[in-house]
Amino acid sequence: MTVVLPRYAGAIADSVVNDEIDVDAATEAQDAAAPAINVAATKADGLGCHAGAAEMKAAANAAGKSDILDRYAADYPKGPHDQPQSMCPAFGSLRVGLRMRRTATILSGSACCVYGLTFVSHFYGARRTVGYVPFNSETLVTGKLFEDIREAVFKLADPEHYDTIIITNLCVPTASGVPLDLLPNEINGVRIIGIDVPGFGVPTHAEAKDVLAGAMLEYARKEVEQGPVQAPRGGRSERPTVTLVGEMFPADPVGIGMMLEPLGLAAGPVVPTREWRELYAALDCSVVAAIHPFYKASFRQFDLAGRKIVGSAPVGHDGTEAWLEAIGTACNVSREKIDAAKNRFLPMIKSALAAKPINARITVSGYEGSELLVARLLIESGADVPYVGTACPRTEWSDADRQWLEAKGARVQYRASLEQDYAAIDEFMPQLAIGTTPVVQKAKQMAIPALYFTNLISARPLFGVAGAGSLAQVVNAALGNQARFDEMKDFFGEVGQGYAAGVWEDTPKDNVPFREKYKKQIEAMAKKRKSEEMI
């Protein structure tokens, strides 16, 4: 068995050794109580990444993964189309693990997938080693891959370095039924968490964050039920806390904490957390704020722990007023304190919005989960937002945002496809498009200013007073570039577009018959794939 690791110094590299170890002798007592490995469950026909989603899903069901896939289908419904076009979902769970202290991460999947995930994780600033357990057709179908994973986990389980080891099955191991649930729950005091994050079962990388966060919350909740656990690094809060669910700009929890202070409350941990002990503090709250509304697996654990969940967020004037009311009511805060909090912050938010107005028609789309909140803030800043697309699904915790937006004339599209985002630009011809990379590209090709949601919008505070005017600067700066787009459009005209794209020696001619023939071939292939999926 081989554990392949990037050439980085650090705890993981130091703790993985190349010499053989006697795993059976080291864990004789645990193995005596462990269930026998069902090698048959790990066998499949060796499907590779090239296989279609339907074939991979069918193989996973046949290999004993039907319960997991059924749960994912319920938590993360895909419709109306298959799923949004997005990066590999496993990036989300990988990112969560790499951000946690004293946590080792191992991937099991095709080498190309692991390379891509490792690359993008380091592109986004992860300075942690990613472990990889390679496989081939023989180790996959004989069950040896599971034994290799098990050996890798035992080698890494050093309590001096780690609290937790996370092992993730990507598409092929999931389709082949590699049974991570047969791994020990802990080794030498190090927690072992195995999850399946296949692209054919988890629609977006945002929801993959919930897969891991929910698995860790479940583990932590069961630890709490068994006895005393570690206190937070800074100690327990003297005031009742509000756990915040969903990744957000670092300044936002601080701002939310300031708004909670007049209620006699404090901001608790942000889930996904940055270390294991924060999970205990997250569960030890008075109420859960579903800032990002798609964390269904996490909310299920909070529900089992008896915690109330409040949707939406303190965004803009109206959102903050409704959120303070909902949080105060859920925590049995007196009317006097709720009104005091509103009277303190709402006028400041209104003034901040008025001081930095946005006067433009803007379409919003993205895959982070905060698209509806951003649209609310833009509308309260004065913008006309006719379309809001999000790759995430509709849940009960985003209903308040959806209803508010629809009342303001916005069309809200859950599970938005790239084609729907494109169509919104063509239909509404916005003065600014906020969206994913291809949406930004389309808008700029049409000489429309555009902003990438993840790097330019999510990287700003959205809530309370700090969020009220945070978008105006970047949005108005982008709108101010319209004259430059118009100048470039006038200069280049229609050069390099459509059939004339590229470098030519002769004047290009539009070959309409060839294009129509190729279009029909693509449509026929799509119909064939669809009919095969139905079978």
Side-chain angles (χ1 to χ4, degrees), residues 68 71-72 74-78 83-84 86-101 103 105-107 109 113 116-118 120-121 123-126 128 130 164 166-170 174 193-199 201-220 243-250 252-253 269-276 278-279 282-283 288-302 309 313 366-373 390-393 395 397-398 414-415 436 453-455 458-459 462:
I68 292 174
R71 186 173 74 243
Y72 287 170
D75 285 350
Y76 318 119
K78 291 185 178 180
Q83 66 186 107
S86 178
M87 68 178 73
C88 172
F91 171 62
S93 55
L94 175 63
R95 190 176 185 184
V96 168
L98 290 175
R99 286 180 169 184
M100 293 185 69
R101 294 188 182 96
T103 299
T105 299
I106 302 175
L107 296 177
C113 301
L117 288 168
T118 304
V120 75
S121 66
F123 178 81
Y124 275 92
R128 308 272 288 279
V130 178
T164 313
I166 299 166
I167 172 69
T168 303
N169 270 345
L170 303 181
T174 297
I193 296 180
I195 56 174
D196 292 273
V197 189
V202 182
T204 66
H205 81 282
E207 288 156 300
K209 298 174 186 177
D210 179 45
V211 172
L212 180 53
M216 292 191 294
L217 281 168
E218 181 180 16
Y219 197 120
T243 293
L244 309 174
V245 178
E247 290 186 319
M248 60 190 78
F249 186 70
D252 273 331
V270 176
V271 176
T273 61
R274 294 304 180 99
E275 65 176 321
W276 188 269
E278 289 181 0
L279 294 166
L283 291 163
V288 177
I291 305 296
H292 287 190
F294 57 84
Y295 280 78
K296 282 194 173 182
S298 299
F299 295 149
R300 182 162 52 246
Q301 296 306 315
F302 285 115
I309 301 170
Y367 45 59
E368 300 295 331
S370 57
E371 291 76 28
L372 275 65
L373 302 178
T390 176
C392 296
T395 70
W397 301 288
S398 67
Y414 293 102
R415 284 284 187 244
T436 57
F453 189 101
T454 301
N455 286 7
S458 290
L462 296 178

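Reckoned from all heavy atoms, side chains included, excluding hydrogens, waters and symmetry mates. Since the model is a prediction, treat every value here as computed from it, not as a measurement.
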Does the [X] side chain pair with the main chain of [Y], one donor and one acceptor, at a distance under 3.5 Å?
X	Y	answer
D252	L462	yes
T118	G116	no
S370	L373	no

Determine the interplanar angle of the Y367 and H205 rings, folded into 0 to 90°, and report it as parallel if under 30°, tilted if 30 to 60°, perpendicular if over 60°.
perpendicular

Looking at every heavy atom in both [X] and [Y], which two are closest together, and how far apart are they?
X	Y	answer
A297	Y76	CB-OH, 3.9 Å
E371	T390	OE1-OG1, 2.8 Å
C392	F294	SG-CD2, 3.6 Å
I193	A215	CG2-CB, 4.1 Å
K296	P77	NZ-CD, 4.4 Å
S298	D210	OG-OD1, 2.8 Å

Within the 4.5 Å heavy-atom criterion, are [X] and [Y] side-chain neighbours or not?
X	Y	answer
L94	T168	no
Y414	L372	yes
S458	F453	yes
P272	R95	no
L212	I166	yes
M216	M100	yes
T105	R128	no

Output all residues satisfying ring pair (Phe, Tyr, Trp, His ring centres under 6.0 Å) with F299, sequence neighbours left out; order by chain, then residue number.
W397

Ring pair (Phe, Tyr, Trp, His ring centres under 6.0 Å) partners for Y219, two or more places apart:
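Testing Y219 for ring pair (Phe, Tyr, Trp, His ring centres under 6.0 Å), a comparison that skips the adjacent residues, returns W276.
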
Would L217 and V271 count as a side chain to side chain contact (heavy atoms under 4.5 Å, CB included) here? Give the steps.
CA-CA 9 Å; L217 281 168; V271 176; 4.2 Å; yes

Going by side chain to side chain contact (heavy atoms under 4.5 Å, CB included), name the residues that satisfy it together with E218, two or more places apart in sequence or in a different chain.
R221, K222, Q301

Mind checking the CD1-CZ spacing from I309 to R300? Nearest 0.5 Å is all I need.
10.5 Å

List the residues meeting side-chain hydrogen bond (donor to acceptor under 3.5 Å, both in side chains) with [X], not counting sequence neighbours, and say none if there are none.
X	value
Y72	none
S93	none
R99	E247

